[in-house]
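First comes the structure, then the notes that go with it.
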Amino acid sequence: MTVLTGAVMTTGALFPPAASAAKPDTVQNSLNALVADDQMPAALASVTDRDGRTRHYTAGIGDLKTGAKVPKDGQVRAGSNTKAFTAVVALQLVAEKKIALDAPVDTYLPGLLRGEGIDGRHITIRQLLQHTSGLPDYMASPVFADFPAVRYRYFEPRDLLDGALEQEAHFSPGAKWEYSNTNYLVAGLIIQKVTGRPVGEEINRRVIDRIGLRHTSFPAPGETTLHEPHPKGYEQETADGPLVDYTTMDMSMAWAAGAVVSTNSDLNRFYAALIGGELLPPAQLAQMRTTVPAEARGPGVRYGLGLTSTPLSCGGVYWGHGGTALGYRTRGGVTEDGRAAGIAVTTAPTGAASQRVEAAVDTALCR
């Protein structure tokens with residue numbers, strides 16, 4: 001704002017000097033760039049500072065058909081953030097001595113894992129949760145080559161597992177790290193076997209309800225919609241095709257590996273509660289935070305048991321997981337000193353755009 005010198009001298013409280021004007025908000029700028037430069041339909045963020053103050057941001061359009069605004073802190077499909085929820089339940093069962101981390105899968109599901117180079121007698125629960133089992137990803141099965149054809153199809157977990165067991169093992173258990181959704185499919189089956197309850201009910205009861213995540217849920221069988229205000233999610237079905245609305249779909253294809261629905265602020269609350277010791281005893285939280293290199297997820301990234309640590313440009317790391325579902329990508333996490341940031345975009349970015357989503361989290365946590 002341009003102000004006459006005399007006005008500043010006589011009415012300083014009303015017209016502060018230009019030097020005190022608010023600086024550009026780097027988080028908002030990051031979201032604006034994701035929309036303008038990277039062609040994301042919408043971007044949302046929730047950022048909490050060290051003092052517990054939270055601010056929500058939006059950019060873009062929430063519904064390309066109607067032009068509706070992006071709802072503040074809108075609900076999205078949280079994708080593989082689900083793995084952190086599933087890992088917490090498994091580690092709670094470890095604390096209750098119902099599961100042993102270094103016991104083989106066959107202890108709980110005898111004979112389930114058998115295939116070319118695959119043997120559940122030699123794969124441990126820890127290796128499942130840390131992606132060091134060597135199990136191939138069931139998402140590489142031919143059935144998922146045509147997503148539009150299976151968008152509303154209901155999958156039983158065992159049907160998904162068949163798609164993995166038709167492939168050969170990628171490496172011997174414990175030999176290296178490689179991300180595979182099949183690991184959390186099997187972890188979910190073990191949770192069900194041990195508790196006698198559906199994994200979604202256990203996640204809702206042991207995690208979501210326990211810490212009061214009011215906008216988070218594990219979808220019920222057959223549920224295909226988001227029930228709270230949300231931006232629509234889009235995907236290109238062909239490289240040069242138009243964006244297609246993928247907001248509604250059956251997430252049974254992701255199940256214990258990726259079905260959870262949430263908001264940025266609820267995900268921030270979840271990771272803060274987890275790192276703050278509200279969900280696990282110290283021994284199990286320490287196991288969860290024991291990491292191995294996972295450079296495929298980014299420079300310096302390490303993977304624990306359903307939890308990643310990511311270096312920050314301003315020093316230290318943040319803990320989270322992130323997720324991708326058709327129509328949505330979420331990234332974010334929390335620092336040891338209480339900062340939290342969650343960012344979501346409404347299509348799955350690739351290449352440099354994907355890196356800029358990660359950079360937006362760094363910007364939010366380091367500003």
Side-chain angles (χ1 to χ4, degrees), residues 45-46 48 76-92 126 128-132 137 139 177-185 187-188 191 199 203 206-208 211 213 216-218 251 254-276 278-280 284-285 287-312 317-325 328-336 339-345 348-349 354 357-358 360-362 364-365:
S46 293
T48 301
V76 297
R77 297 195 186 279
S80 286
N81 286 288
T82 305
K83 292 179 174 68
F85 288 74
T86 299
V88 166
V89 174
L91 287 163
Q92 288 175 347
R126 186 190 304 275
L128 294 177
L129 299 179
Q130 197 151 49
H131 294 297
T132 56
D137 198 329
M139 293 298 291
W177 182 90
E178 183 183 83
Y179 196 85
S180 173
N181 289 292
T182 305
N183 290 312
Y184 278 78
L185 179 67
I191 289 169
V199 68
I203 287 174
R206 289 173 170 267
V207 181
I208 294 170
I211 58 174
L213 302 181
T216 303
S217 64
F218 191 100
M251 289 302 290
W255 199 54
V260 162
V261 170
S262 192
T263 63
N264 281 321
S265 63
D266 263 13
L267 289 173
N268 287 351
R269 166 66 182 137
F270 166 65
Y271 288 114
L274 174 57
I275 298 302
E278 296 181 44
L279 288 167
L280 291 172
Q284 281 67 50
L285 181 56
Q287 295 277 14
M288 195 176 198
R289 288 165 50 123
T290 301
T291 60
V292 297
E295 293 283 331
R297 290 180 67 90
V301 175
R302 298 180 65 87
Y303 202 98
L305 305 183
L307 189 66
T308 61
S309 68
T310 304
L312 287 166
V317 303
Y318 70 88
W319 295 92
H321 194 287
T324 302
Y328 301 95
R329 177 166 292 179
T330 49
R331 291 291 187 266
V334 300
T335 62
E336 300 284 357
R339 290 168 289 160
I343 291 178
V345 292
S354 180
V357 173
E358 308 282 352
V361 176
D362 186 272
L365 290 172

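FYI, side chains are in, hydrogens and waters are out, and symmetry mates aren't considered; it's all heavy atoms of this structure.
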For the backbone of [Y] and the side chain of [X], can you confirm whether one donor and one acceptor N or O come within less than 3.5 Å of each other?
| X | Y | value |
| --- | --- | --- |
| Y179 | D137 | no |
| T86 | A256 | yes |
| Q92 | L280 | no |
| T310 | V301 | no |
| D362 | L312 | no |
| N183 | L129 | no |
| S265 | S46 | no |
| R302 | T291 | yes |
| W177 | Y303 | no |

Could you give the distance from [atom1] ([X]) to [atom2] ([Y]), rounded to the nearest 0.5 Å?
| X | Y | atom1 | atom2 | value |
| --- | --- | --- | --- | --- |
| R206 | L279 | CZ | CG | 11.0 Å |
| N181 | L185 | CG | CG | 8.5 Å |
| S262 | F85 | OG | CZ | 5.5 Å |
| T82 | R77 | OG1 | CZ | 10.5 Å |
| L267 | L213 | CG | CG | 8.0 Å |
| S217 | I203 | OG | CD1 | 11.0 Å |

On a heavy-atom basis, which atom in [X] and which in [Y] lie closest, and how many Å separate them?
| X | Y | result |
| --- | --- | --- |
| A259 | A254 | N-CB, 3.9 Å |
| A78 | T330 | O-OG1, 3.5 Å |
| V334 | A340 | CG1-CB, 3.6 Å |
| A348 | T324 | CB-CG2, 4.0 Å |
| A90 | I191 | N-CD1, 4.0 Å |
| G306 | A87 | CA-CB, 4.0 Å |

Q.
When you compare the side chains of K83 and S80, does any donor N or O come within less than 3.5 Å of an acceptor on the partner?
A. yes
Q. Going by atom types only, do D266 and T216 share a side-chain donor-acceptor pair under 3.5 Å?
A. yes
Side chains of [X] and [Y] in contact at under 4.5 Å (non-hydrogen atoms):
| X | Y | value |
| --- | --- | --- |
| L305 | T290 | no |
| V88 | L274 | yes |
| L365 | V361 | yes |
| Q130 | M288 | no |

Q) Should E336 and Y318 be marked as a side chain to side chain contact (heavy atoms under 4.5 Å, CB included) after you check the CA-CA gap, both sets of side-chain angles, and the distance that decides it? A) CA-CA 7 Å; E336 300 284 357; Y318 70 88; over 6 Å; no
Q) E358 and salt bridge (charged side-chain N to carboxylate O under 4.0 Å, His left out): which partner among R297, R331, R329? A) R331
Q. Are W319 and Y271 an aromatic pair by the rule of ring centers under 6.0 Å?
A. no
Q | Close aromatic pair by centroid cut-off 6.0 Å: F270 and H321 | A | no
(Q) For V207 and V89: C-alpha separation, side-chain torsions, deciding distance, then whether side chain to side chain contact (heavy atoms under 4.5 Å, CB included) applies. (A) CA-CA 7 Å; V207 181; V89 174; 4.0 Å; yes
